[in-house]
Every structure is written in C-alpha cells, then in structure tokens.
Amino acid sequence: MTRPRLRAALIGLGRMGRHHARVLRHLDGVDLIAAADPHGDPYHAVDGLPVAHDIDQLLCHRPDYAVLACPTLLHEALGLQLAHAGIPTLIEKPLATTPGAARRLRDAFHTADIPAAVGYIERFNPALIALRARLENGDLGDVFEIGTRRTGPYPDRITDVGVIHDLATHDLDLTTWITHHAYTSIAARTAHRTGRPHEDLLAALGQLDDGTITHHQVNWVTPRKARTTTVTGEHGCLVADTLTADLTHWANGHTPHHWDALTTFRGVTEGDVTRYALDKKEPLHAEHEAFRNLVRGTGPGPADLSEGVRTVMVTHITSRAAHTGETEPVPHQARGTEHRFRDH
C-alpha cells in the first residue's frame with residue numbers, strides 16, 4: 001500500500017537552509033511545499049514555492065512537519081510556536097543558546113506529544129557510524145583517549161555564536177554518541193584572533209564517566225579545513241575523517257623491535273594499517289530520511305530533544321570553563337544514558 005506523501009516546510013533560507021531545501025526537494029515520499037524567511041529567497045533555493053514572512057503565514061500551507069534552520073537565537077521562540085501548533089520539527093543544532101531555552105523546547109514538544117529532533121549531522125556520517133560500530137564490537141579493546149580536530153577558515157554564515165556553540169557542539173555530541181559514555185568534567189581555553197565578538201579558537205580537555213580522556217581542537221583561524229576524530233585504545237587507534245567519510249585502523253603490531261632505542265621511543269610497535277570500504281551516503285540526506293521515518297512512526301529519528309538538552313548543557317559548561325579557567329564538573333542531569341543503546 002502506497003504511503004501518503006508528507007508535506008514539509010522549511011524555516012530559514014540561509015546557507016544551511018539552502019542545503020536542507022536541496023535535500024527536501026529530492027527526498028522520497030516528501031514534498032517541500034513552502035518556506036519562511038523574512039528576507040525572502042534571494043538565492044532561489046525554493047524557486048516556484050511560496051515564501052512566508054513568519055510562522056503564522058507558513059502554517060496556512062498546512063505542513064505535516066517543519067525543518068527549523070534559522071539562527072540559533074531564534075530557535076526557542078519559533079520552536080515553541082511550532083510545538084504549540086502541533087507541527088513535528090527537525091531543529092538544526094544546537095537546540096538552543098542556553099540550557100533553559102533548550103529545556104523549554106524539549107518540554108513543549110514532549111507535553112504536546114509531537115515528534116521532534118536535533119540535527120546533529122555527524123551522527124549520520126558513514127565514518128563515524130562505522131567507528132561507533134567497531135567500538136561497540138570491541139575492536140580497540142579498552143578505550144584510552146578520544147581526540148577531535150575541527151578547524152578551518154572563518155565562515156561568512158556565522159553571525160550569532162562562536163566556535164563553541166557552532167562547531168564544538170558537534171564534537172561534544174559525537175564523543176558521547178560513539179562511546180556511550182557521558183562527560184564528568186571539562187576544562188577549556190578560548191581566544192579571539194579575528195576581531196569578532198565571539199571566540200574563534202577553543203582547546204578543551206575532558207573526561208568521560210569511564211575514565212576516557214578527551215581533547216578537542218576547534219577554530220576558525222586555520223587555512224586548511226580538517227574534521228577528524230581519533231580514538232586510541234589498547235589495540236591501536238581508529239581515525240575517522242568526516243570530510244572524506246573515511247575510517248582507518250592503525251593496529252598495534254605484534255612483532256617486537258630488535259632495535260632497543262627504537263622500542264624505547266615508540267612504546268608500542270606499528271602494525272597493519274587498514275582503510276575500510278564504506279557505503280558513503282550523504283549525511284544530510286540520511287538525517288532527513290531518519291526524521292521522515294520518525295514522523296511516519298516507522299523508525300527512530302535523529303538525536304532527540306533530551307539529548308539536545310544534554311549537549312547544550314555540556315556546551316554551556318565548556319564556555320564557563322573557558323571563562324573561569326577552572327576544570328568544571330558536569331552535573332548528573334547532563335549525563336543521561338537513555339540514548340546509549342539506541343541506534344539509527
């Protein structure tokens with residue numbers, strides 16, 4: 001029996017909104033029927049479709065669900081309108097600018113019993129999906145350390161937040177997602193090097209509840225764009241490059257060195273290096289498929305709003321740690337575990 005097609009609406013036609021428009025216009029079983037942006041559609045992302053100036057006008061088109069891709073500062077107000085109107089909504093990351101705003105959004109959708117999710121696109125990157133599966137399979141044994149690098153030049157699209165809320169939020173979310181362990185503490189340092197009001201460089205050091213050490217390098221001051229996650233354990237390390245969706249395993253070797261100086265320097269020996277062949281579906285398309293299925297009631301969706309609240313809390317604590325210069329504890333309410341055994 002053929003399923004009825006879903007009517008989708010898009011709020012925000014900036015750079016990320018235009019990517020959402022591209023995917024929605026080709027998503028199986030979905031029709032993008034209207035968009036909303038007070039500036040109209042200057043880049044012709046939704047040519048031929050009506051563009052409303054506000055949510056009330058958009059709702060006149062009777063969408064089955066919405067994608068909220070406007071600046072983070074507007075998420076709470078617009079998200080609450082959508083929740084009160086009973087519209088399932090995929091909200092771009094981060095969920096909100098403050099823990100309080102994030103909790104209000106979560107509570108509004110939960111009270112209305114309306115499906116909603118946060119668009120943490122890295123959860124749909126093939127390299128990180130494969131990395132997570134191999135950690136769950138025990139390929140690395142005990143995990144010692146997780147390091148992420150998310151660097152590049154300053155993006156013109158950012159106007160309202162710094163690297164902590166725009167970029168580091170990805171790393172804080174994906175670290176807990178791939179390991180099934182929560183942060184217990186965070187230390188951080190930031191810098192302002194480009195003359196803009198928000199921080200453009202972050203170095204953060206954290207610890208998870210199983211003792212794993214994490215470190216995150218994030219900035220907008222590097223001319224070479226990099227997106228890597230490295231997990232080191234007792235059997236070697238796994239390196240995910242999310243720009244190319246490649247996953248590589250650097251195994252510890254089993255052949256002893258007979259050169260004493262080299263053995264002392266290296267600690268472990270070098271083993272085989274394997275780059276895995278992966279099915280590379282576009283992460284944004286996979287994310288939209290998951291949310292479509294959530295709206296239909298046929299499968300789990302992207303990160304739920306409770307997970308979004310927790311990541312906003314950890315992001316907020318990271319900002320506080322950078323301000324105080326102290327190692328900040330992560331409270332128990334930011335260490336929820338109900339997501340740990342839920343897959344796509």
Side-chain angles (χ1 to χ4, degrees), residues 93 120-152 163 167-188 202-219 225-254 266-280 283 286 303 307 310-311 314-315 318 330 334-337 339-344:
K93 62 80 198 166
Y120 277 107
I121 192 173
E122 292 286 45
R123 293 188 179 206
F124 295 89
N125 190 289
L128 290 175
I129 293 172
L131 170 57
R132 184 179 192 240
R134 290 187 175 277
L135 291 181
E136 291 172 342
N137 192 49
D139 286 17
L140 287 188
D142 288 338
V143 173
F144 304 150
E145 175 191 59
I146 297 173
T148 65
R149 180 181 175 89
R150 191 173 297 271
T151 62
V163 293
L167 294 185
T169 183
H170 278 301
D171 298 310
L172 298 171
D173 177 75
L174 73 85
T175 297
T176 59
W177 181 71
I178 65 173
T179 62
H180 305 299
H181 289 284
Y183 285 89
T184 58
S185 64
I186 293 278
L202 166 73
L205 180 68
Q207 188 164 32
L208 304 182
D209 57 21
D210 66 340
T212 299
I213 300 300
T214 74
H215 52 93
H216 310 293
Q217 182 180 358
V218 187
N219 73 53
K225 189 173 183 178
R227 300 286 187 271
T228 58
T229 299
T230 301
V231 183
T232 303
E234 63 177 324
H235 301 318
C237 68
L238 286 163
V239 181
D241 185 329
T242 54
L243 287 180
T244 60
D246 287 326
L247 179 66
T248 304
H249 182 205
W250 299 71
N252 291 341
H254 300 289
R266 290 191 172 177
V268 300
T269 61
E270 294 180 359
D272 294 332
V273 179
T274 305
R275 185 167 67 84
Y276 300 107
L278 305 177
D279 181 12
K280 297 184 179 182
E307 296 174 79
R310 286 193 291 271
T311 303
V314 177
T315 304
T318 303
V330 176
R335 303 184 202 171
T337 58
H339 68 293
R340 291 186 179 182
F341 303 104
R342 193 188 65 186
D343 296 324
H344 292 318

Answer whether the closest heavy-atom distance between the side chains of Thr318 and Leu202 falls below 4.5 Å.
-> yes
Can any side-chain N or O of Thr151 pair as donor or acceptor with the backbone N or O of Asn219 at less than 3.5 Å?
-> no
Looking only at heavy atoms, the pair that brings His215 and Leu205 closest together is CB-CD1, 4.2 Å
Measure across Ala130 and Leu278 and return the closest heavy-atom pair with its distance rounded to 0.1 Å.
-> CB-CD2, 3.7 Å
Among Leu140, Val273, Leu131, whose side-chain contact (heavy atoms from CB on, under 4.5 Å) with His249 holds?
-> Leu140
Spatial distance of atom CZ (Phe124) from atom CD1 (Ile129) [nearest 0.5 Å] | 7.0 Å
Test side-chain contact (heavy atoms from CB on, under 4.5 Å) on Leu238 and Tyr276 and set out the steps.
-> CA-CA 11 Å; Leu238 286 163; Tyr276 300 107; 4.1 Å; yes
NE2 on His181 to CG on Asp209, rounded to 0.5 Å | 6.0 Å
So which heavy atom on Ala240 is nearest to which on Leu128, and how close?
-> CB-CD2, 3.9 Å
Could you grab the distance from atom CZ of Arg150 to atom NZ of Lys225, nearest 0.5 Å is fine?
-> 9.5 Å
Work out which heavy atom in Ala127 is nearest to a heavy atom in Ala245; give both atom names and the distance.
-> CB-C, 3.7 Å
Rounded distance (nearest 0.5 Å) linking atom CD of Gln217 with atom CG of Asp171 | 10.5 Å
side-chain contact (heavy atoms from CB on, under 4.5 Å) involving Thr212 - partner list, sequence neighbours excluded | Val143, Ile146, Leu208, Asp210
Contacts of Arg134 that satisfy salt bridge (Lys or Arg N to Asp or Glu O under 4.0 Å) - sequence neighbours left out | Asp139
Find the distance between CG (Leu174) and CD1 (Ile121) and round it off to the nearest 0.5 Å.
-> 12.5 Å
Salt-bridge criterion met for Arg123 and Glu307 (N-O under 4.0 Å) = yes
For Cys237 and Thr230, the nearest pair of non-hydrogen atoms, with its separation, is CB-CG2, 4.4 Å
Whether Tyr120 and His170 hold their rings parallel, tilted or perpendicular, with breakpoints at 30° and 60° | perpendicular
Glu145 CD to Thr232 OG1 distance, which is reported to the nearest 0.5 Å = 5.0 Å
Give the intermediate values and the outcome of side-chain contact (heavy atoms from CB on, under 4.5 Å) for residues Thr229 and Ile178.
-> CA-CA 10 Å; Thr229 299; Ile178 65 173; 4.2 Å; yes
Taking it one step at a time, do His216 and Thr175 satisfy side-chain contact (heavy atoms from CB on, under 4.5 Å)?
-> CA-CA 10 Å; His216 310 293; Thr175 297; 3.4 Å; yes
Apply side-chain contact (heavy atoms from CB on, under 4.5 Å) to Glu136 and His180, showing your working.
-> CA-CA 9 Å; Glu136 291 172 342; His180 305 299; 2.5 Å; yes
Residues pairing under salt bridge (charged side-chain N to carboxylate O under 4.0 Å, His left out) where one sits in residues 234-250, two or more places apart or in two chains, turn out to be Asp246-Arg275, Asp246-Lys280
